[in-house]
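Model, not experiment: these values are computed from the prediction. So you know, we letter chains A, B, ... as the sequences are listed, proteins then strands, and number each from 1.
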2 protein chains.
Amino acid sequence: MAGKSTAAKHRAQNGAARSKRDSILDAATRVFLDCGYGDASMDAVAREAGVAKQTIYSYFDGKDALFEAIVRDKCDRLLEPIGMPEARGNDPETALARTARRFLDVVLAPEGMALFRTLVAECGRFPNLAEAFYRSGPLLAAANLADYLAELDGKGILKVDDPLRAARLFFALLRGDLYIRRLLDLDSEPDPADVERAVADAVRVFLAAHARR
Amino acid sequence: MAGKSTAAKHRAQNGAARSKRDSILDAATRVFLDCGYGDASMDAVAREAGVAKQTIYSYFDGKDALFEAIVRDKCDRLLEPIGMPEARGNDPETALARTARRFLDVVLAPEGMALFRTLVAECGRFPNLAEAFYRSGPLLAAANLADYLAELDGKGILKVDDPLRAARLFFALLRGDLYIRRLLDLDSEPDPADVERAVADAVRVFLAAHARR
DNA sequence: GTCTATATACGGATAGAC
DNA sequence: GTCTATCCGTATATAGAC
């Protein structure tokens, strides 16, 4: 082992080093999404991660870079279920309801709301992060649903002239009043009964608007 | 004039004093809604208002109190058109479209978005402000529309079982994707063509879902 | 690479003259 | 009431020992 460079040592301890970097990332995620960018301090992140503040600066260039890292990471992981294409084997009502629940489970959950709130608060400082979120979240979800709606239209099951616009309207219906209330933190947790009502309402209105005849 | 107490002087200069207080309020509104609560500094407000920082503290108890004052003021003034009851003389399509435009004109405008973004960012610190906004904005708008929908249902023009829920769905449709994009500041100004499309889509879908037979 | 200690700056709030 | 000057806490970032 003697004579190994620090770089080699670092490679040898790659597993441990990676988990330390990850523990910083995890701690930063908690702190940033909890306090917001402005009130989050590097000291708090260091304390939460159980490392010295300087150690953070050896892994990340600064507060901005750390924030960008945790947001991109959260977007990738949290929005992943939203990015999955639709299951197409069922009748439209069942398929729409399934898509709706999967969507609301993600975006109404505390983590989803915290991420979105933080992005809304900091979209002026980090415009690229806001756009990355939009693309891998709302836009991707609408695009996936649009594919399915186009298929339904082709089969003559529904009447959907503009699939992407229709998909966006569906998700808009779905957010409804619940989303506003959650954004303003008026409801601490999403009430499952309200979620089910939102799903049922959205599916009902959407199908009524796009019924053939 | 000699011997007048400072209180009397203050009353005598009431017009000027009031306009100075208002100029502080105006400056604070610009600074807070532009930078957000955290990044807004009392120095910046003083500079913008053209007064010394100490003068602000003679009118307001501190940063929190000043913030509360400007938010409540903005809510009252900005959301006032939303609180007006519906004009009922027209056919449902025209009335809904008029309500829709009035709503979007307020909430999609830069000032409306800045207010909402700030409240979303600070709802943890000022939960009462978030609730006041919700009540005098989204809730009041929905309640007013619900009254009109109940009337239409009573006359047999539309089928509306739960007017308040239906009204909320209408505004949800109306916000659509535009609102998300504006929240994340992806579109700097609302495109009038997109607004008209949003209005038309919302009215069309809503009427299809609530048509009598 | 990791820790302790520190440099530097900034913001909220206050003291004292007029 | 209004101004100038200042106190005090805190936060980002860095220096130096191991």
Side-chain angles (χ1 to χ4, degrees), chain A residues 1-25 27-28 31-32 34-70 122 125-126, chain B residues 1-25 27-28 30-32 34-70 121-122 125-126:
Chain A
M1 300 276 184
K4 258 188 182 171
S5 70
T6 43
K9 275 186 209 163
H10 189 253
R11 273 194 299 277
Q13 295 168 353
N14 209 7
R18 208 185 148 62
S19 88
K20 176 162 264 192
R21 187 182 191 278
D22 280 357
S23 78
I24 293 176
L25 220 66
V31 174
F32 275 121
D34 212 54
C35 312
Y37 179 83
D39 287 342
S41 74
M42 298 295 266
D43 290 279
V45 174
R47 218 179 311 124
E48 189 82 8
V51 300
K53 191 164 51 167
Q54 184 74 9
T55 307
I56 303 176
Y57 282 93
S58 74
Y59 283 99
F60 301 94
D61 280 344
K63 193 179 179 181
D64 286 19
L66 180 58
F67 182 68
E68 286 207 24
I70 72 107
E122 301 303 328
R125 209 192 306 253
F126 301 96
Chain B
M1 298 279 186
K4 258 189 182 170
S5 71
T6 44
K9 276 187 212 162
H10 188 252
R11 272 194 300 276
Q13 296 168 350
N14 210 6
R18 208 184 148 65
S19 88
K20 175 164 264 192
R21 187 182 190 275
D22 280 357
S23 77
I24 292 176
L25 220 65
R30 283 193 298 275
V31 173
F32 275 122
D34 211 54
C35 312
Y37 179 82
D39 288 341
S41 73
M42 298 295 268
D43 290 278
V45 174
R47 218 179 310 127
E48 189 83 9
V51 300
K53 192 162 56 165
Q54 185 75 0
T55 307
I56 303 176
Y57 282 93
S58 73
Y59 284 97
F60 301 94
D61 280 343
K63 193 179 180 181
D64 286 19
L66 180 57
F67 182 69
E68 285 207 26
I70 73 107
E122 301 303 328
R125 208 192 306 253
F126 301 96

Closest non-hydrogen atom pair between A/A40 and A/V31, with its separation
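Taking A/A40 first and A/V31 second, the nearest heavy atoms are CB-CG1, 3.6 Å.
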Might you point out which heavy atoms bring B/S23 and B/A49 nearest each other, and give the distance in Å?
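Residues B/S23 and B/A49, closest heavy atoms: O-CB, 3.9 Å.
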[N] [atom2] sits how many Å from [X] [atom1], rounded?
X     : N      : atom1 : atom2 : answer
B/D43 : C/dA13 : CG    : P     : 11 Å
A/L66 : D/dT12 : CG    : P     : 10 Å
A/K63 : D/dT14 : NZ    : P     : 15 Å
B/I56 : C/dG11 : CD1   : C1'   : 13 Å
B/F32 : C/dG11 : CZ    : P     : 13 Å
B/R47 : C/dC10 : CZ    : P     : 11 Å
A/Q54 : D/dC18 : CD    : P     : 16 Å
A/Y57 : D/dG16 : OH    : P     : 18 Å

Do the side-chain N or O atoms of [X] get closer than 4.0 angstrom to the phosphate oxygens (OP1, OP2) of [N]?
X     : N      : answer
B/S41 : C/dC10 : no
A/K20 : C/dG1  : no
A/Y59 : C/dT2  : yes

Pair B/F32, B/L66 - check side-chain contact (heavy atoms from CB on, under 4.5 Å), show working.
CA-CA 10 Å; B/F32 275 122; B/L66 180 57; 3.9 Å; yes
Base, sugar-phosphate alone, or nothing: which one does A/A40 contact when heavy atoms must sit under 4.0 Å apart?
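Touches sugar-phosphate only.
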Do the rings of B/F67 and B/F126 sit parallel, tilted or perpendicular, given the 30° and 60° boundaries?
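Because their plane-to-plane angle lies in the 30° to 60° range, the rings of B/F67 and B/F126 count as tilted.
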Can you work out whether A/D39 or B/S58 has the more 5'-proximal nearest nucleotide on DNA chain D?
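The residue closer to the strand's 5' end, by nearest nucleotide, is B/S58.
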Output, in order, the C-alpha distance, side-chain angles, deciding distance and verdict of side-chain contact (heavy atoms from CB on, under 4.5 Å) for B/L25 and B/Y59.
CA-CA 10 Å; B/L25 220 65; B/Y59 284 97; over 6 Å; no
Donor-acceptor pair under 3.5 Å, B/K53 side chain vs C/dG12 base:
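Such a pair is found, so the answer is yes.
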